[in-house]
Q: 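Can you read through this structure? Questions will come right after.
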Amino acid sequence: MKKTILLTIAFAGALTSASFSQEKEIDLEARKASIPIVEARVKERYKRIEEIGSDIVRLHGRIDDQLGRMVERLSAIRDSAKSGYRVSKAKMELMAGLEGAVEAFRKQRSAVELGLRTGKSGVPREIAGEEIGHLDSHVEKHIAQMLEISKSFTQDENVEKYEEAGGGGYYDYGTGWYEDSLGISDEWRQNRRDQTMDKKQKAEVFDALDNSIERCEQLVAARREDLKKESLSSFEREVIQSELDAHLSMLRKREMQKDELVIVDEPTETTEISRDAARLLESSVSELLEDVQGDLRMVVVKHTQLNREQAKVAALKENLEARKKWLEDYEKENE
């Protein structure tokens with residue numbers, strides 16, 4: 001009886017050992033089989049990233065093309081006595097649209113920077129850095145376009161206020177003969193309009209640059225405070241220092257742009273347009289800005305999708321490397 005019990009225990013132990021060995025073998029085969037599956041998923045995610053990236057490039061290209069052509073067009077013309085200040089209003093509307101684009105890209109940049117600094121986005125550092133550089137380039141381009149339009153406004157000129165109104169003169173009994181009567185010239189009236197619009201647009205550009213300078217100063221101060229933290233890792237310190245350098249560079253550039261705007265020594269050469277042409281121009285600018293705003297909203301959506309996909313692929317690659325490491329260690333242990 002005792003012998004039977006011992007044989008039963010031994011048999012059960014053998015079964016357990018065989019079962020464990022079989023499970024381990026199955027787990028090993030399952031892990032081996034999972035490698036190509038995860039690799040395929042990584043490729044699929046990269047393909048998705050490429051598609052979203054292409055969409056972003058296309059949208060940016062369309063925005064740049066539309067705004068660039070309109071900036072070039074508006075910078076070459078000015079109001080006439082017939083168009084009044086319609087051209088100037090169109091220029092200011094476009095400048096406001098450019099400022100809106102700048103603000104949209106700044107917000108996206110801040111989100112990417114925060115994700116990189118905190119490590120919460122999961123986007124690799126190199127990719128996040130490229131995205132920040134890409135967004136910065138668009139901010140600088142659109143601010144430069146605002147300044148280009150600003151320089152195309154008609155400057156203050158010395159224009160004679162009165163001109164002969166015609167009529168051939170007349171004789172007044174008691175005072176004598178009067179030559180042609182005088183009237184306020186259309187050129188002088190237009191010059192007054194130009195002065196008003198030039199001052200207004202300069203004030204708005206100054207305000208935009210001042211806001212940018214204030215934002216840069218706040219970011220510089222914040223990053224300097226961050227660098228004082230002793231708990232920072234070397235990676236975090238390097239990222240924060242890089243951002244501090246970028247904001248300092250941007251701050252210096254904004255201050256230079258503000259100085260250049262104080263006096264426009266050589267305004268852009270422009271030609272007058274008619275009232276009808278100015279009316280059509282106003283409509284064109286309004287339609288353009290509607291299109292651009294729609295594209296900007298889509299750019300923000302696409303960047304969010306891109307960040308999500310980049311985080312996914314980063315997690316998949318980490319998982320893939322862990323699986324490969326496990327197999328490598330297992331094979332070394334069982335050589």
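The first residue in the sequence is number 1, and the count goes up from there. When reading the values below, keep in mind they use all heavy atoms of this one structure, side chains included, and skip hydrogens, waters and symmetry mates.
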Q: Does one hydrophobic cluster hold both Trp326 and Val38, with members joined at side-chain heavy-atom distances below 4.5 Å?
A: yes

Q: Determine the minimum heavy-atom distance between Ser274 and Ser80, stating which atoms define it.
A: CA-OG, 4.4 Å

Q: Before accepting this row, confirm whether a basic side-chain N of the pair Lys253/Glu140 lies closer than 4.0 Å to the acidic partner's carboxylate O.
A: yes

Q: What pair of heavy atoms forms the shortest contact from Leu74 to Lys91, and how long is it?
A: O-CE, 2.9 Å

Q: Enter the distance from Leu67:CG to Lys141:NZ here, rounded to the nearest 0.5 Å.
A: 9.0 Å

Q: Got a sec, which residues hit side chain to side chain donor-acceptor pair (under 3.5 Å) with Thr304, two or more places apart in sequence or on another chain?
A: none

Q: Please report the shortest heavy-atom distance between Arg109 and Glu243, naming the atom on each side.
A: NH1-OE1, 3.0 Å

Q: Please determine if Glu328 and Lys324 form a salt bridge, counting it only when a charged side-chain N lies under 4.0 Å from a carboxylate O.
A: no

Q: Hey, are the side chains of Phe153 and Lys200 touching, using non-hydrogen atoms and a 4.5 Å cut-off?
A: no

Q: Would Glu72 and Arg69 pass as an ion pair if we require N to O under 4.0 Å?
A: no

Q: Are more than 12 heavy atoms, taken from residues, nucleotides or ligands other than Lys89, located less than 6.0 Å from that residue's NZ atom?
A: no

Q: Using only atom types and a distance under 3.5 Å, with no angle test, would you say the side chain of Ser152 pairs donor to acceptor with the backbone of Ile149?
A: yes

Q: Could you list the residues that satisfy ring-ring contact (aromatic ring centres under 6.0 Å, His included) with His247, not counting sequence neighbours?
A: none

Q: Report the distance from atom CZ of Arg58 to atom CD1 of Ile63, rounding to the nearest 0.5 Å.
A: 10.0 Å

Q: With side chains defined as the heavy atoms from C-beta onward, is the minimum distance between Ser249 and Arg252 less than 4.5 Å?
A: yes

Q: Side chain to side chain contact (heavy atoms under 4.5 Å, CB included), that's the test. Do Ser284 and Arg73 meet it? Break it down for me.
A: CA-CA 11 Å; Ser284 297; Arg73 181 181 175 189; 4.1 Å; yes

Q: Report the C-alpha separation of Gln257 and Arg254 in whole Å, then their side-chain angles, then the decisive distance to 0.1 Å, and conclude whether the side chain to side chain donor-acceptor pair (under 3.5 Å) test is met.
A: CA-CA 5 Å; Gln257 288 170 329; Arg254 293 293 175 270; 3.2 Å; yes

Q: Is the ring centre of His303 less than 6.0 Å from the ring centre of Phe105?
A: no

Q: List, by chain and number, the other hydrophobic cluster members for Leu251, where Ile, Leu, Val, Met, Phe, Trp and Tyr join if side-chain heavy atoms come within less than 4.5 Å, directly or indirectly.
A: Ile213

Q: Linking I/L/V/M/F/W/Y whenever any side-chain heavy atoms sit under 4.5 Å apart, do Leu209 and Leu219 land together?
A: no

Q: Can you tell me which residue pairs pass the side chain to side chain donor-acceptor pair (under 3.5 Å) test with a partner in residues 287-297, sequence neighbours excluded?
A: Arg62-Asp295

Q: Out of curiosity, does Val57 fall in the hydrophobic cluster containing Ile49 (side-chain heavy atoms, cut-off under 4.5 Å, transitive links)?
A: no

Q: Counting C-beta onward and ignoring hydrogens, is there a side-chain heavy-atom pair between Glu103 and Leu296 closer than 4.5 Å?
A: no

Q: Any idea which heavy atoms bring Glu236 and Ser231 closest together, and the distance?
A: OE1-O, 4.3 Å

Q: How far does CD1 of Ile273 sit from CG of Leu281, to the nearest 0.5 angstrom?
A: 5.0 Å

Q: Do you reckon Met92 sits in the same ILVMFWY cluster as Phe206, going by side-chain contacts under 4.5 Å, direct or chained?
A: yes

Q: Atom NE2 in His60, atom NZ in Lys302: separation rounded to 0.5 Å?
A: 12.0 Å

Q: To the nearest 0.5 Å, how far apart are CD1 in Ile52 and CD in Gln305?
A: 5.0 Å

Q: Do you know the tightest heavy-atom contact between Leu289 and Gly97?
A: CD2-CA, 3.8 Å

Q: Would you mind writing out the side-chain donor-acceptor pairs for residues 40-48 within the sub-3.5 Å range, not counting sequence neighbours?
A:
residue: Arg45; atom: NE; partner: Glu309; partner atom: OE1; Å: 2.5
residue: Arg45; atom: NH2; partner: Glu309; partner atom: OE1; Å: 3.2
residue: Tyr46; atom: OH; partner: Lys317; partner atom: NZ; Å: 3.1

Q: Quick check against the 3.5 Å criterion: does Ser212 have a side-chain atom that pairs as donor or acceptor with the backbone of Ala208?
A: no

Q: Under 4.5 Å side-chain heavy-atom separation, chaining through any Ile, Leu, Val, Met, Phe, Trp or Tyr, what else clusters with Leu227? Say none if it is isolated.
A: Val220, Leu232, Ile240, Leu244, Leu248

Q: Looking at side-chain heavy atoms only, is the closest gap between Thr270 and Ile77 below 4.5 Å?
A: no

Q: Is it true that atom CD of Glu318 has more than 12 heavy atoms of other residues, nucleotides or ligands lying nearer than 6.0 Å?
A: no

Q: Check whether any side-chain heavy atom of Met95 sits under 4.5 Å from a side-chain heavy atom of Glu204, and report yes or no.
A: no

Q: Would you call the rings of His142 and His138 parallel, tilted or perpendicular if under 30° counts as parallel and over 60° as perpendicular?
A: tilted

Q: Please answer whether the main-chain N or O of Arg31 pairs with a side-chain N or O of Ser34 as donor and acceptor at a distance below 3.5 Å.
A: yes

Q: Find the distance between CD (Glu51) and CG (Asp55) and round it off to the nearest 0.5 Å.
A: 7.5 Å

Q: Under 4.0 Å between a Lys/Arg side-chain N and an Asp/Glu carboxylate O for Glu99 and Arg106?
A: no

Q: Which residue in the set Asn307, Ile132, Val139, Val299 passes side chain to side chain contact (heavy atoms under 4.5 Å, CB included) when paired with Gln108?
A: Asn307

Q: Give the cluster check for Met250 versus Val102: same hydrophobic cluster or not, with ILVMFWY residues linked at side-chain heavy-atom distances below 4.5 Å.
A: no

Q: Please give me the minimum heavy-atom distance between Leu320 and Ile35, naming the atom from each residue.
A: CD1-O, 3.8 Å

Q: For the residue pair Glu272 and Ser83, confirm or rule out a side-chain donor-acceptor distance under 3.5 Å.
A: no

Q: Just by distance, no angles: are the side chains of Gln218 and Arg215 close enough, under 3.5 Å, to form a donor-acceptor pair?
A: no

